[in-house]
Amino acid sequence: MVADSSWSPSMSAPESVSRRLVQHHKAMIGFLFGFFLVVGLYSTVSGQFGSTNTIAVLQSAPTAEHSDKNTTASSPGASMSSPPASAPKNSTQGAVHDVDNGQNVDATKKTGDQRLQDNVHGSDSINNKTSANFTVNLDNLQANRTDKSGQTVNTASDKQEEEIIRQELDLDGDTNERNTRHGAPRKPICDLSDPRYDVCDMSGDARAIGGPNRTVLYISGDAAGAEEGHEWAIRDQSRKHLEYINTVAVKSLSAAQAQAQSAPECTSRHAVPAVVFAMNGLTSNPWHDFSDVLIPLFITARGFDGGVQFLVTDIQPWFLDKYRLILANLSRHDIVDLDKESGSVRCHPRVIVGLRSHRDLGIDPARFPAGNKNYTMLDFRMYIRELFSLPPASVDIPYKEQSAAAAAEKQRKKPRLMLINRGRNRKFVNLPEIAAAAEAAGFETVVVEPRRDLKLEEFSRVVDSCDVLMGAHGAGLTNFFFLRTGAVMLQVVPWGHMERPSMEFYGVPAKEMRLRDVEYSITAEESTLYEKYGKDHPAVRDPESIHRQGWQLGMRYYWLEQDIRLNVTRFAPTLHQVLRTIRG
Ligand SMILES: *[C@@H]1O[C@H](CO)[C@@H](O)[C@H](O)[C@H]1NC(C)=O
Ligand SMILES: *[C@@H]1O[C@H](CO)[C@@H](O)[C@H](O)[C@H]1NC(C)=O
Ligand SMILES: *[C@@H]1O[C@H](CO)[C@@H](O)[C@H](O)[C@H]1NC(C)=O
Ligand SMILES: *[C@@H]1O[C@H](CO)[C@@H](O)[C@H](O)[C@H]1NC(C)=O
Ligand SMILES: *[C@@H]1O[C@H](CO)[C@@H](O)[C@H](O)[C@H]1NC(C)=O
Ligand SMILES: *[C@@H]1O[C@H](CO)[C@@H](O)[C@H](O)[C@H]1NC(C)=O
Ligand SMILES: *[C@@H]1O[C@H](CO)[C@@H](O)[C@H](O)[C@H]1NC(C)=O
Ligand SMILES: *[C@@H]1O[C@H](CO)[C@@H](O)[C@H](O)[C@H]1NC(C)=O
Ligand SMILES: *[C@@H]1O[C@H](CO)[C@@H](O)[C@H](O)[C@H]1NC(C)=O
């Protein structure tokens, strides 16, 4: 390989700190939050998460695994969205997000659209991006605290969680110009113009050099290439500003330069295009798994119909395992751990470095290049369902699907509601009461305590068997990919003007995927902040004033600190509304 020091991706001090931090988190979180789904608690699940009145509790118990392998499985991001986050490798949970605008007009009846409108003005503070400060105080790593269960929790995981939240608060339109300064080459192989991602797309003589230096050479055949000698540092994921995504050096050389610099020769030649992307970052939080990697990978690579090879940097074994069905369909070729392939020079007819991304957990069909199929989020959900062998689009929601036959024998089942609880924050502290309220309203309830290392294949079938997926704003809701068309996502929006993120991260995608989107915004009294700080505290009385003081404070109170004590009396009409929708 060409040992040109200028090619090695530079890593600033903060970056390396962040990386160390992330690795540290992985270890800690993997250990502390490896959760297991235990079936039991209120009652046992009968048969196929059965019939009748059972409240099935899929509960998690901390795993006792300490091995490196197992710890890696849990990702850093996971910590934030407790439930989802906490689920390690083959975990089940999904997402993270939300808002409420202190007006608490009976929000329960509003559709997501209305709420979105309502919140446009009220949530500006959410968008007040104070300058990103990635500096991490290493001292925090030393300060452990003890959580309620008596487990020692390193505050580093909080930091990690903060980073995820910060990224999430950074709603679309990040205008950070960091990587757009490089001049504008005339025929660019690299496009640095998008606020979310950088991407280089090279056809011809492209050589991916394995090993720690992460370099892709592009040798332009023609003598007059405008970019010869250019070098780019590409963060090869869909978050170009995330410091702990290491960069890949992309260097363009003329044939003469390549010769003069003794550019490394191919050690292997491949007939298919390659996509180089990073698997670290905020992954392990299921929302980020999809928003940052899987959907961008779908956007970038689905058009190859499997005829593409993935060259992965910062490969994550848990990710490979958890999402193997998706990865194996997007590429029918072996996944290459590029960092480990020291000495290899892989030549592909086309190499794409980086992942295109349209928006948070979203796809904009208008942005596919001409001649490509313009996929939608609905296509994506159906694609995921197909890969997981779930019933096709023609099959109705479970309640309707079974009702014809069941009604005939007067065995009509109740609609099934999956109630996902979170692990660390935004928990339902009165979970049994909520489950009982759902039962009383006429649902069969499946309670999921996201702590278990459950196979996604298995869990996806449970989600598919439900008519309603209910949870507090958070990554657990990412399981909505496994719902059937017309099923309901019932999002409980925590206190603190969290409506906008709730809509943006879950409500909008749900609607795009033809799910029914229902939000229930809690009142201050339903937040544990109320009991903790009293009704006169600004965080309780005036969330706007909190948000005005910068994102950190809002994050602290509303994302990290509060839990939820649903007022089941107030919530009951929402349950009945959902029930009517399902029975429609
Ligand atoms: C990576 O780059 C550094 C500095 O550019 C160089 O010294 C080192 O030999 C390279 N490592 C490999 C494996 O090529
Ligand atoms: C990880 O967990 C699995 C079970 O989930 C266990 O068999 C294994 O010993 C653990 N360690 C490693 C390194 O996988
Ligand atoms: C980031 O925060 C640290 C400590 O809070 C501060 O010293 C530093 O100046 C900040 N950096 C930026 C770029 O705001
Ligand atoms: C924090 O926890 C880690 C891991 O359990 C431990 O190694 C470290 O000594 C603890 N630090 C403090 C200050 O307790
Ligand atoms: C991917 O899935 C689609 C169906 O969704 C199937 O037609 C295609 O053959 C699969 N490709 C691979 C490489 O498995
Ligand atoms: C997708 O492409 C088809 C045909 O090319 C077109 O009719 C349709 O309007 C496009 N949809 C979107 C959302 O761009
Ligand atoms: C979890 O993933 C590991 C590999 O990472 C696998 O060996 C194990 O069987 C999986 N466990 C479950 C419960 O899916
Ligand atoms: C954004 O936050 C900063 C610092 O918290 C504050 O000085 C500024 O006034 C805020 N801007 C808006 C529009 O709220
Ligand atoms: C619960 O909600 C009902 C109906 O909105 C209300 O009358 C009641 O005061 C609430 N209970 C509490 C404890 O806030």
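Order of listing sets the numbers, starting from 1, for every ligand and every atom in it. As the structure is a computational prediction, the values presented were derived from the model and not from experiment.
Under the disulfide bond (SG atoms under 2.5 Å apart) criterion, C200 pairs with C190, sequence neighbours left out. For E525, there are no salt bridge (charged side-chain N to carboxylate O under 4.0 Å, His left out) partners, not counting sequence neighbours.
Ion pairing of K400 with D467 is absent here, as no side-chain N (NZ or NE/NH1/NH2) approaches a carboxylate O to less than 4.0 Å. Salt-bridge check for R461 with D464: failed, with every basic side-chain N at 4.0 Å or more from each acidic carboxylate O.
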Just the distances, no angles: every ligand 5 N or O to protein N or O pair closer than 3.5 Å, one line each.
| from | atom 1 | to | atom 2 | distance (Å) |
| --- | --- | --- | --- | --- |
| ligand 5 | 2 (O) | N329 | OD1 | 3.3 |
| ligand 5 | 2 (O) | N329 | ND2 | 2.3 |
| ligand 5 | 5 (O) | E386 | OE1 | 3.3 |
| ligand 5 | 5 (O) | E386 | OE2 | 3.3 |
| ligand 5 | 11 (N) | N329 | ND2 | 2.9 |
| ligand 5 | 14 (O) | N329 | ND2 | 3.2 |

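Judged as a salt bridge (charged side-chain N to carboxylate O under 4.0 Å, His left out), not a single pair has a partner in residues 273-286 (not counting sequence neighbours).
Put simply, the side chain of Q237 never gets that close to the backbone of I245: no donor and acceptor are under 3.5 Å apart.
Between E525 and ligand 9, no N or O atom pair is found at a separation short of 3.5 Å.
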